[in-house]
2 protein chains.
Amino acid sequence: MAEPRWLDDREMRAWNGFLAASALVNRRLDQQLKDDAGLSHPQYEILVRLAAAPGRELRMTELANGLINSKSGLTYQVTQMEKAGLVRRRSCPSDVRGVFAVLTDAGSAKLEEAAPGHVATVREILVDVLTPGQLDALADGLGEVGRRLRGEGA
Amino acid sequence: MAEPRWLDDREMRAWNGFLAASALVNRRLDQQLKDDAGLSHPQYEILVRLAAAPGRELRMTELANGLINSKSGLTYQVTQMEKAGLVRRRSCPSDVRGVFAVLTDAGSAKLEEAAPGHVATVREILVDVLTPGQLDALADGLGEVGRRLRGEGA
DNA sequence: GGTCGGCGGTTCGAATTTGAACAACTCCCT
DNA sequence: AGGGAGTTGTTCAAATTCGAACCGCCGACC
């Protein structure tokens, strides 16, 4: 692989823009959530997923696959959140190994408390900055990117 | 802030797509660089910036502002890279406080070694997945997002 | 000239992340 | 039944991250 096709100008701008926005948006989001509700971004994501799940509970593996982080990272976060009373662990009846993470009422309340500020921030830093066309391009293009990265492992 | 404007379907797809792609792309990139060249993504970024800088050196602050991470994070990474011989510190003649990070020949060689594989991965997971129109939308839209997040502090 | 505010980098401690190793268990196949 | 491969979630050590506190120094202002 001596000389690959380097990125041309358009590709470079897109790549750099993506990289920078990715880092900056994530940092800002973390900051806002922590200040506003005392949640880390991963924790917020967990709350959202659980709230949307049937029975407000999900298997650990499903949560981990959702996106978040590695399995061990999830174990850590759920432990933290359990200490804070936001979730509860429940072992799976049909599979002794399995563990459900269950959203508690306190967790649900915390989410409702944090959501408005979070959404406002998301609008402010990203959604309201983009044109409808750009939103569609993000959804389609990055959706496909995500799908591929999920699909094939390595 | 009782009821903000929630995200509609289009906005939600764009936001989720961005979030997922952001996490997945970064993870994949880190992995590839580490396996391929023994570099972390932050370290690669530092090499790139230094290589592009006049005299192949930059002030610590300029590097930190570039994007990467917090000031302390940069100190850490530069220390690691100095141990590995990829960069060198040089104190600024006109300002005793100032420190330049200078790219060494070994650092330059390491970058040339890592770049082809990196670019290939960037193409594979993102650039070649998108249409030209989507590339422009990323560049324009996310470019503006980044600019705003840099411009105004909080 | 003296001094006060701010900048540039590092150091510190705490929190978080990751991959690898591990233990327990399910499922399938013979 | 019995064995083996693949899953599930946790534990572990190591690496990395961040923000806050800190030190020394530049520069402007009185």
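In the text below, chain A, chain B and the rest are named by the order of the sequence lines, each starting its count at 1.
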Using whole Å, report how far CG of B:Asn65 lies from P of C:dG9.
10 Å
Those residues of residues 46-56 of chain A lying under 4.0 Å from DNA chain C by at least one heavy atom
none
Should the ring pair A:Tyr44 and A:His118 be called parallel, tilted or perpendicular, given that the plane angle runs from 0 to 90° and is split at 30 and 60?
tilted
First of A:Gln43 and A:Lys71 reached from the 5' end of DNA chain C, by closest nucleotide
A:Gln43
Just the rounded figure in Å: distance from C1' of C:dA14 to CG of A:Asp30.
15 Å
Could you give the OH-to-P distance, from B:Tyr76 to D:dG19, as a whole number of Å?
17 Å
Closest of D:dC25, C:dG9, C:dT17 to the B:Asp95 side chain is D:dC25
OP1 or OP2 of C:dT10 sitting under 4.0 Å from any side-chain N/O of B:Arg89?
yes
For the residue pair B:Ser22 / A:Asn26, report whether a side-chain donor-acceptor contact shorter than 3.5 Å exists.
yes
Would the base of C:dT26 count as contacting A:Arg97 through its side chain, where contact means a donor and an acceptor less than 3.5 Å apart?
no
Between D:dT10 and A:Ser72, is there an OP1 or OP2 to side-chain N/O distance shorter than 4.0 Å?
no
Rounded to the nearest 0.5 Å, what's the gap from CD on A:Gln134 to CD on B:Glu144? Could you check?
9.0 Å
Between CG of B:Asn69 and C1' of D:dA15 the distance, given in whole Å, is 14 Å
Check whether the side chain of B:Thr61 and the base of C:dG8 form a donor-acceptor pair under 3.5 Å.
no
Counting only side-chain heavy atoms from C-beta out, which of C:dG9, C:dT18, D:dT8 sits nearest to A:Arg59?
D:dT8
Exam field: side chain B:Asp36 to backbone B:Gly117, donor-acceptor pair closer than 3.5 Å:
no
If you pin A:Arg27 and A:Thr79 to their nearest nucleotides in DNA chain D, which one's is more 5'?
A:Thr79
Distance in angstrom units between A:Asp35 CG and D:dG19 P, rounded:
10 Å
Just the rounded figure in Å: distance from P of C:dG8 to CG of B:Leu63.
14 Å
Side chain of A:Gln77 (C-beta onward), nearest among D:dT10, D:dG19, C:dT17:
C:dT17
Between the CG atom in A:Leu19 and the CD atom in B:Glu45, the distance rounded to the nearest 0.5 Å is 5.5 Å
Between A:Val96 and A:Gly73, name the one whose nearest nucleotide on DNA chain C is closer to the 5' end.
A:Gly73
Under 3.5 Å donor-acceptor, A:Glu11 side chain and A:Asp8 backbone:
yes
Tell me the interatomic distance from B:Met81, atom CE, to D:dA15, atom C1', rounded to whole angstroms.
16 Å
Between A:Arg28 and A:Thr121, is any side-chain donor less than 3.5 angstrom from a side-chain acceptor?
no
Please report, rounded to the nearest Å, how far the C1' atom of D:dT8 is from the CG atom of A:Leu74.
12 Å
Passing candidate, side-chain contact (heavy atoms from CB on, under 4.5 Å) with A:Leu63, options A:Ile46, A:Asn69, A:Val99
A:Ile46
